[in-house]
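Here the structure is a predicted model, which is why all the values come from computation and not from measurement. The figures here come from the full heavy-atom set of this structure, side chains too, leaving out hydrogens, waters and symmetry mates. The first residue of the sequence shown is numbered 1, and numbering continues consecutively from there.
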Amino acid sequence: MLTKNLFVFPNTVNRKTEVETIELNIENKVLKFYHNGRPCIIDTEVLKDGSSTVILNNGITDNTYVLYNFREMLQVLDMLPSEFLTNLSQRCFMQIDKSGGEVFIKVFLLKGMNELSSDTNDFSCFAHYTLDYIHELDWRYSWTVKEVKAVLKNGFLTVRFNTTISDFWKTQVFISHAGQSQLVKKGFNSVVFKYIPTENIYFGAENCRYTGRAIDVVRLIRG
């Protein structure tokens with residue numbers, strides 16, 4: 001069921017007009033999202049495990065579209081999600097993360113909307129959250145890294161940390177530094193990299209470079 005891990009954020013996205021509308025219909029494993037009556041269709045069965053897909057509205061062209069490689073795009077642009085939306089004049093209506101064949105869905109409603117409109121589902125009984133809860137919700141459905149410490153000796157960087165990985169998240173998590181990646185396991189981890197002073201540490205997919213999961217190595221070494 002696609003609604004198993006679906007969460008609604010009311011009164012969130014700035015409106016362009018007072019009559020602007022969004023709606024979500026769910027048919028089996030297909031999401032049919034409508035912005036001002038125009039559809040964006042996502043078949044969740046074809047989404048790749050570990051992927052993050054978003055439905056965006058371009059503030060310049062007013063085109064509403066599906067971006068299937070959102071996390072990869074953030075890496076290329078070296079931006080956080082908030083920076084991407086602000087700097088590129090994009091509004092985000094929905095985000096779908098997939099892992100282990102299941103999806104985790106966040107829907108962001110227009111300002112003034114408290115309930116998600118639908119012809120197929122009653123979303124009033126689903127969990128509704130404010131934006132200040134989004135990070136805690138994301139961690140519940142992915143993974144977190146805590147107590148990160150590092151020691152630099154003879155050109156090698158030893159990094160120690162604790163990882164909590166949710167039951168939902170089945171995709172492998174890696175720690176990467178300067179083209180070197182090692183698999184992260186639940187609980188305590190200790191990894192060693194050949195140190196490259198111009199590069200930070202990143203968590204996520206193998207050899208990823210996502211700013212949102214980066215750690216400043218120089219600051220880490222200094223403690």
Side-chain angles (χ1 to χ4, degrees), residues 1-10 12-13 16 20-77 79 81 84-85 88-110 113 115-129 131 134 137-143 165-174 204-206 208 210 212-213:
M1 290 179 58
L2 296 189
T3 56
K4 179 181 177 182
N5 303 307
L6 187 148
F7 300 88
V8 178
F9 290 79
T12 300
V13 181
K16 283 192 172 182
E20 189 175 16
T21 62
I22 63 171
E23 180 180 318
L24 176 64
N25 293 336
I26 299 178
E27 298 177 7
N28 296 318
K29 295 189 176 182
V30 176
L31 300 168
K32 294 186 177 181
F33 178 85
Y34 296 86
H35 177 223
N36 292 335
R38 292 174 294 179
C40 288
I41 299 175
I42 299 174
D43 187 338
T44 62
E45 279 197 317
V46 302
L47 298 181
K48 184 178 70 173
D49 256 22
S51 67
S52 184
T53 302
V54 289
I55 296 179
L56 301 172
N57 174 258
N58 188 311
I60 299 172
T61 65
D62 198 33
N63 182 43
T64 301
Y65 64 101
V66 181
L67 180 63
Y68 287 96
N69 55 342
F70 185 48
R71 196 173 289 114
E72 290 80 0
M73 186 65 68
L74 293 173
Q75 292 181 54
V76 170
L77 296 174
M79 288 182 177
F84 176 91
L85 298 177
L88 300 182
S89 300
Q90 307 290 308
R91 295 184 299 163
C92 182
F93 292 128
M94 186 182 302
Q95 181 171 345
I96 305 101
D97 293 311
K98 186 174 183 179
S99 185
E102 294 192 63
V103 292
F104 162 46
I105 303 171
K106 300 189 292 287
V107 185
F108 305 99
L109 304 189
L110 293 163
M113 285 186 67
E115 296 296 343
L116 178 57
S117 301
S118 177
D119 293 327
T120 60
N121 296 78
D122 178 7
F123 292 109
S124 62
C125 59
F126 285 75
H128 288 50
Y129 290 113
L131 277 182
I134 192 168
L137 183 62
D138 283 343
W139 294 335
R140 275 175 48 192
Y141 279 87
S142 58
W143 45 271
I165 303 175
S166 75
D167 292 336
F168 172 84
W169 195 259
K170 303 297 192 300
T171 308
Q172 291 181 323
V173 180
F174 291 84
E206 190 172 9
C208 75
Y210 173 41
R213 295 283 196 172

What distance do L137 atom CG and L131 atom CG have between them, rounded to the nearest 0.5 Å? 11.0 Å
In sequence, state the C-alpha distance, the side-chain angles, and the governing distance for L109 and T12, and then conclude on side chain to side chain contact (heavy atoms under 4.5 Å, CB included). CA-CA 6 Å; L109 304 189; T12 300; 5.6 Å; no
Going by atom types alone, do D97 and Y141 pair a side-chain donor with an acceptor below 3.5 Å? no
Residues F93 and E20: closest non-hydrogen pair is CZ-OE2, 4.2 Å
Backbone N or O of I105 within a donor-acceptor pair of the N5 side chain at under 3.5 Å? no
Smallest heavy-atom separation, T21 atom then G37 atom, equals OG1-N, 4.3 Å
Close side-chain approach of M79 to M73, heavy-atom, < 4.5 Å: no
Would one find more than 12 heavy atoms of other residues, nucleotides or ligands at under 6.0 Å from atom NZ of K170? yes
How about K106 and D138: do any of their side-chain heavy atoms sit closer than 4.5 Å? yes
Modelled atom types, side-chain donor and acceptor of S118 and N25, under 3.5 Å: yes
Side chain proximity check, L85 to L56, heavy atoms < 4.5 angstrom: yes
Greater than 12 external heavy atoms within 6.0 Å of K48's NZ: no
What's the shortest heavy-atom distance between S52 and R71, and which atoms? CB-NH2, 3.5 Å
What I'd like to find out is whether the side chain of V66 reaches to under 4.5 Å of the side chain of F33, using heavy atoms alone. no
Rounded to the nearest 0.5 Å, what separation is found between the CZ atom of R91 and the CG atom of N58? 10.0 Å
Tell me the closest heavy-atom pair linking F108 and M94, and the distance in Å. CD1-N, 4.1 Å
Using side chain to side chain contact (heavy atoms under 4.5 Å, CB included), reason through C208 and Q75 one step at a time and then give a plain yes or no. CA-CA 7 Å; C208 75; Q75 292 181 54; 3.5 Å; yes
Which atom pair, heavy atoms only, marks the closest approach of L24 to T120? O-OG1, 4.3 Å
Is there a donor-acceptor pair closer than 3.5 Å between any side-chain N or O of S99 and the backbone N or O of T171? yes
When rounded to the nearest 0.5 angstrom, what is the spacing between CG in D43 and CD in E27? 11.0 Å
4.5 Å side-chain heavy-atom contact, L31 and I55: no
With rounding to the nearest 0.5 Å, note down the distance linking CG in L67 to SG in C92. 9.5 Å
Fit a plane to each ring of Y129 and F9, take the angle between them on a 0 to 90° scale, and name the class: parallel (under 30°), tilted (30 to 60°) or perpendicular (over 60°). tilted
Start with the C-alpha distance between Q90 and V54, add both sets of side-chain angles, then the distance that settles side chain to side chain contact (heavy atoms under 4.5 Å, CB included), and finish with yes or no. CA-CA 11 Å; Q90 307 290 308; V54 289; over 6 Å; no
Counting C-beta onward and ignoring hydrogens, is there a side-chain heavy-atom pair between V46 and Y68 closer than 4.5 Å? no
Shortest non-hydrogen contact from Y65 toward N63: CD2-O, 3.6 Å
How many angstroms lie between CH2 in W169 and CH2 in W143, if you round to the nearest 0.5 Å? 8.5 Å
Would you say that more than 12 heavy atoms from the other residues, nucleotides or ligands in this model lie under 6.0 Å from the CG of D62, or not? yes
Hey, mind stepping through D119 and Y34 against side chain to side chain contact (heavy atoms under 4.5 Å, CB included) and telling me if it holds? CA-CA 11 Å; D119 293 327; Y34 296 86; over 6 Å; no
Nearest-0.5 Å distance, CD1 of residue I42 to NZ of residue K98: 11.5 Å
